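The structure under discussion appears below in the form of structure tokens.
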Amino acid sequence: MKDQLLACEGRPMRWAEFSIGHRGAPLRFPEHTLESYTAAARMGAGIVECDVTFTKDRELVCRHAQDDLHTTTNVVTIPELNAKCTQPFVPAVPSEGKPAQAECRTSDFTLAEFKSLQGKTDDVNPMATTPDAYINAGPRPSARGTLLSHRESIRLLKTLGVGFAPELKTPVVAMPYEGDYTQEGFARQMIAEYRSEGVPPEAVRPQSFRLADILFWLDQANEFGQRAALLNMDEPTPLNTSLIAMAKLKALGVNAVAAPLWKLLALDDQGHIVPSRYARNARMAGLALIAWTVERSGSLAGGGGWYYQSVAQAINNDGDMFAVIDALAREVGVVGIFSDWPATTTFYANCTGLVGPSRRPFLNIE
């Protein structure tokens with residue numbers, strides 16, 4: 001594999017649907033921003049993810065969670081908006097060991113208010129005594145990015161010529177929201193925006209951790225539901241990793257599952273990276289597999305952290321990133337890998353023939 005990758009160095013690269021931009025390219029650019037999505041496409045990600053949640057006026061926006069604005073934007077530094085947060089910023093009291101408090105939700109704000117914010121790296125200083133110190137956790141102020149509505153992300157990614165991986169985020173507010181905005185209405189609205197923007201179903205991979213959402217799409221928007229992926233990070237048990245469990249999902253109409261790296265990989269008796277029982281049985285049941293997320297754990301020198309926990313004994317340097325990607329591609333047979341820096345996966349896909357014959361291998365969006 002190393003020789004194959006070295007021989008590929010310097011060649012022109014094409015976009016690869018195998019390479020999926022996880023929240024864009026957040027290793028460097030603020031997640032779910034115009035800048036992050038554009039960077040992911042320039043790195044050859046053939047698909048880019050928008051995590052979808054909703055605002056107070058029930059407009060859809062791209063955020064990893066409904067309740068992360070205090071850590072991913074500058075909202076607490078704007079007094080009139082901070083005051084609208086579920087929990088406005090409260091300074092830390094270092095002398096008493098009390099951390100700062102804040103919780104700001106997309107549903108606290110209208111779309112116009114949301115759009116007035118700036119995206120930033122998902123990090124805060126918990127012992128900050130001022131809003132500015134709270135959002136600037138590192139030695140230098142983090143980069144800022146342009147927030148996007150879901151519809152704006154569709155138009156941007158269409159222009160960039162890449163596919164879509166929208167994840168319907170589980171709301172933190174009680175549903176139905178304000179009495180009449182149901183989970184089904186939320187799920188229907190997300191798909192409706194792709195239809196109204198003229199995006200063909202084959203360019204969209206909807207996702208959700210809720211099986212009920214997948215089944216709703218299969219029933220109400222089957223052409224999109226057939227492409228949907230059920231996200232799963234439950235701790236493996238003999239029951240939930242069994243062929244019977246996988247066959248039941250397939251029988252319900254689920255065609256793909258997306259799981260963290262550790263759930264798809266294992267080590268054999270010789271310490272080689274191999275498919276896990278979960279992955280083997282999912283494939284046997286006819287389920288497509290998608291992996292998340294490479295390049296999210298920092299250096300692999302110490303075993304890679306949470307994402308690599310099942311293969312930590314085989315991980316000891318950053319070059320092992322390619323060993324993991326190769327095992328996922330060749331052994332597990334995943335159809336795509338989410339990455340915080342898609343260039344690496346794009347490079348692998350190009351060097352190993354996992355791209356189509358044109359620059360837009362699997363899409364046809366005018």
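Numbers here simply count residues along the sequence, with the first being 1. Note that the structure is predicted; figures quoted are calculated from it, not measured.
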Non-hydrogen side-chain atoms of [X] and [Y] separated by less than 4.5 Å:
X      : Y      : value
Phe322 : Lys2   : no
Asn316 : Leu300 : no
His22  : Ser339 : no
Thr182 : Met175 : no
Pro236 : Trp262 : yes
Leu147 : His32  : no
Leu156 : Leu34  : yes
Asn74  : Lys120 : no

Say whether [X] and [Y] are linked into one hydrophobic cluster, either directly or through other cluster members, by side-chain heavy-atom distances under 4.5 angstrom.
X      : Y      : result
Val124 : Leu81  : yes
Leu261 : Leu27  : no
Ile135 : Met127 : no
Trp341 : Met321 : no
Leu117 : Val52  : no

task: Any chance you could lay out the side-chain hydrogen bond (donor to acceptor under 3.5 Å, both in side chains) test for Thr346 and Ser19, step after step, and finish with the verdict?
output: CA-CA 5 Å; Thr346 300; Ser19 176; 2.9 Å; yes
query: How far apart are the C-alpha atoms of Glu103 and Arg105, what are their side-chain angles, what is the distance that settles it, and do they pass the salt bridge (charged side-chain N to carboxylate O under 4.0 Å, His left out) test?
result: CA-CA 7 Å; Glu103 182 184 344; Arg105 302 174 177 177; 2.8 Å; yes
task: Specify whether Tyr181 and Phe186 have parallel, tilted or perpendicular ring planes, treating 30° as the upper limit for parallel and 60° as the lower limit for perpendicular.
output: tilted
query: Do the rings of Tyr177 and Phe54 sit parallel, tilted or perpendicular, given the 30° and 60° boundaries?
result: tilted
Where the side chain of [X] meets the backbone of [Y], is there a donor-acceptor pair that is under 3.5 Å apart?
X      : Y      : value
Thr86  : Cys104 : no
Asn350 : Arg14  : yes
Glu17  : Val355 : no
Arg205 : Ala228 : no
Trp292 : Ala258 : yes
Ser297 : Gly304 : yes
Asn82  : Ile78  : no
Ser116 : Glu113 : yes
Thr71  : Asp68  : yes
Arg283 : Val332 : yes

field: Worked check of salt bridge (charged side-chain N to carboxylate O under 4.0 Å, His left out) between Glu202 and Arg227
entry: CA-CA 7 Å; Glu202 60 267 23; Arg227 295 266 299 171; over 6 Å; no
message: Given the ring of Tyr278, does Lys263 sit roughly above its face, with NZ or CZ under 6.0 Å from the centre of the six-membered ring and within 45° of the axis?
response: yes
Using every non-hydrogen atom in the two residues, find where [X] and [Y] come nearest and quote the distance to one decimal.
X      : Y      : answer
Arg296 : Arg23  : NH2-NH1, 3.2 Å
Leu267 : Ala314 : CD2-CB, 3.7 Å
Ser107 : Val173 : OG-CG1, 3.6 Å
Gly225 : Trp217 : CA-CB, 3.8 Å
Met246 : Ala285 : CB-CB, 3.6 Å
Val48  : Ala45  : CG2-CB, 4.3 Å

Check whether more than 12 heavy atoms from other residues, nucleotides or ligands sit under 6.0 Å from atom [atom1] of [X], and answer yes or no.
X      : atom1 : value
Gln313 : CD    : no
Leu6   : CG    : yes
Arg42  : CZ    : no
Met233 : CE    : no

Atom [atom1] of [X] and atom [atom2] of [Y]: how far apart are they, to the nearest 0.5 Å?
X      : Y      : atom1 : atom2 : value
Thr241 : Ile244 : OG1   : CD1   : 11.0 Å
Leu289 : Leu287 : CG    : CG    : 7.0 Å
Cys50  : Phe164 : SG    : CZ    : 10.5 Å

Charged N to carboxylate O under 4.0 angstrom, [X] versus [Y]?
X      : Y      : answer
Arg195 : Glu193 : no
Lys84  : Asp108 : no
Asp67  : Lys169 : no

Indicate whether the side chain of [X] and that of [Y] have a donor and an acceptor atom separated by less than 3.5 Å.
X      : Y      : result
Ser36  : Glu31  : no
Asp57  : Thr55  : yes
Glu295 : Thr344 : yes
Ser196 : Arg151 : yes

- request: Decide yes or no on ring pair (Phe, Tyr, Trp, His ring centres under 6.0 Å) for His150 and Tyr194, but give the supporting numbers first.
  value: CA-CA 9 Å; His150 177 238; Tyr194 288 97; 4.9 Å; yes
- request: Take Ile290 and Val257 through the test side-chain contact (heavy atoms from CB on, under 4.5 Å) and record every step on the way to the result.
  value: CA-CA 6 Å; Ile290 302 167; Val257 291; over 6 Å; no
- prompt: Picking from Thr73, Thr72, Thr53, Thr106, what satisfies side chain to side chain donor-acceptor pair (under 3.5 Å) with Arg63?
  reply: Thr72
- prompt: Would Arg188 and Asp213 count as a salt bridge (charged side-chain N to carboxylate O under 4.0 Å, His left out) if you check the C-alpha gap in whole Å, the side-chain angles of each, and the deciding distance to 0.1 Å?
  reply: CA-CA 9 Å; Arg188 182 182 293 109; Asp213 292 333; over 6 Å; no
message: Show, in sequence, the C-alpha distance, side-chain angles and deciding distance for Leu69 and Phe114, and conclude whether the side-chain contact (heavy atoms from CB on, under 4.5 Å) test is met.
response: CA-CA 9 Å; Leu69 293 184; Phe114 173 85; 3.9 Å; yes
task: Determine, stepwise, if the pair Thr146 / Glu35 fulfils side-chain hydrogen bond (donor to acceptor under 3.5 Å, both in side chains).
output: CA-CA 7 Å; Thr146 307; Glu35 293 78 9; 2.9 Å; yes
